[in-house]
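Below is one structure, written out as structure tokens; the observations come after it.
Treat the numbers as computed from the prediction; the structure is a model and nothing was measured.
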Amino acid sequence: MGSLYRRYPSKEQLAQWKRIVGTEQMIALVHTALAEENEPWAAFARFLRDALSAQGLGAPLLPVLGGRLPATDEVDAAADRLRTAFGALVGNAQRAGVLRADFTSSDMPLLLEHRTPRLPVPGERAAALHLCSLDLVLWGLRTSADFAGTARPQRSPRGH
């Protein structure tokens with residue numbers, strides 16, 4: 001713990017570093033989804049699933065610190081890169097006609113935050129419930145023309 005505080009002499013500096021690291025991890029997930037998925041919808045859905053799965057492993061990738069701590073130049077630069085990455089992800093899906101036009105890249109942080117509430121169940125079960133909830137959200141975000149004839153996601157017999 002002492003070495004941590006030698007590197008970050010204040011809790012505020014440590015929290016700012018966590019913001020930057022979490023933001024960079026989120027950017028990397030966007031870039032991976034865009035690079036490895038051929039279809040815009042697949043990239044959009046993969047990013048959200050990967051981000052929720054990563055958050056299920058521990059602390060959220062985007063700590064809820066905005067507005068509580070002053071931003072630094074590094075935090076602002078990371079946030080700009082994340083906005084750009086989210087813009088590419090959402091823009092690609094919308095240009096392909098698979099994502100609702102009223103969903104914007106500004107909705108992404110809120111969507112992620114609300115998909116991972118703390119649940120009074122073991123970690124694996126909570127992760128499965130979060131992903132099940134995401135499937136319903138994704139179903140609602142697709143354009144009606146894109147999934148015409150596609151049924152609403154069904155819950156498994158185990159209730160998730």
Side-chain angles (χ1 to χ4, degrees), residues 15 18-69 71 75-160:
K18 280 190 68 173
R19 286 175 73 181
I20 293 166
V21 168
T23 301
E24 294 297 340
Q25 290 172 333
M26 194 71 67
I27 293 166
L29 290 175
V30 171
H31 289 166
T32 298
L34 288 170
E36 294 181 2
E37 297 296 336
N38 294 326
E39 299 295 324
W41 180 258
F44 181 78
R46 176 182 173 168
F47 163 74
L48 288 169
R49 286 188 180 97
D50 288 353
L52 289 185
S53 295
Q55 291 188 94
L57 298 174
L61 294 180
L62 291 177
V64 183
L65 300 171
R68 296 183 189 164
L69 293 174
V75 168
D76 287 342
D80 286 344
R81 288 190 300 278
L82 182 59
R83 278 190 288 277
T84 299
F86 281 166
L89 188 69
V90 169
N92 285 352
Q94 287 175 331
R95 281 188 297 281
V98 295
L99 178 63
R100 293 169 47 141
D102 60 347
F103 184 84
T104 70
S105 58
S106 299
D107 295 319
M108 294 292 282
L110 189 60
L111 174 64
L112 290 167
E113 181 65 27
H114 287 280
R115 295 284 54 83
T116 55
R118 294 206 184 274
L119 299 173
V121 296
E124 269 186 39
R125 180 75 176 131
L129 290 169
H130 290 151
L131 290 172
C132 181
S133 170
L134 176 62
D135 286 340
L136 292 170
V137 169
L138 288 170
W139 183 79
L141 288 174
R142 290 194 81 151
T143 59
S144 58
D146 183 55
F147 71 103
T150 303
R152 179 176 179 255
Q154 297 297 312
R155 292 184 158 198
S156 74
R158 293 185 50 204
H160 98 226

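The minimum heavy-atom distance linking E37 with A42 is given by the pair OE1-CB, 3.6 Å. The minimum heavy-atom distance between R100 and G140, with the atom names listed, is CD-O, 3.1 Å. Taking each heavy atom of A45 and L138 in turn, the nearest pair found is CB-CD1, 3.9 Å.
The line from OG1 of T84 to CD1 of I27 is 8.5 Å long, rounded to the nearest 0.5 Å. Interatomic distance, L82 CG to M108 CE, rounded to the nearest 0.5 Å: 8.5 Å. Summarising the geometry, atom CG belonging to L48 is positioned 10.5 Å from atom CG belonging to L29; distances are rounded to the nearest 0.5 Å.
In this structure the side chain of Q94 never reaches within 4.5 angstrom of the side chain of F44, judged on heavy atoms. D135 is listed as a side-chain neighbour of R49, based on a closest heavy-atom distance under 4.5 Å. Contact of the M26 side chain with the L112 side chain is registered, since non-hydrogen atoms from C-beta on lie closer than 4.5 Å. By the 4.5 Å heavy-atom criterion applied to side chains, L89 and L34 are counted as neighbours. L141 is listed as a side-chain neighbour of W41, based on a closest heavy-atom distance under 4.5 Å.
Open room surrounds CD on E39; 12 or fewer heavy atoms of other groups in view lie less than 6.0 Å from it.
Contact check on R83 versus D76 returns no salt bridge, with no Lys/Arg side-chain nitrogen under 4.0 Å from an Asp/Glu carboxylate oxygen.
Under a 3.5 Å cut-off, the side chain of S105 and the backbone N or O of V90 do not form any donor-acceptor pair. Under a 3.5 Å cut-off, the side chain of D50 and the backbone N or O of F47 do not form any donor-acceptor pair.
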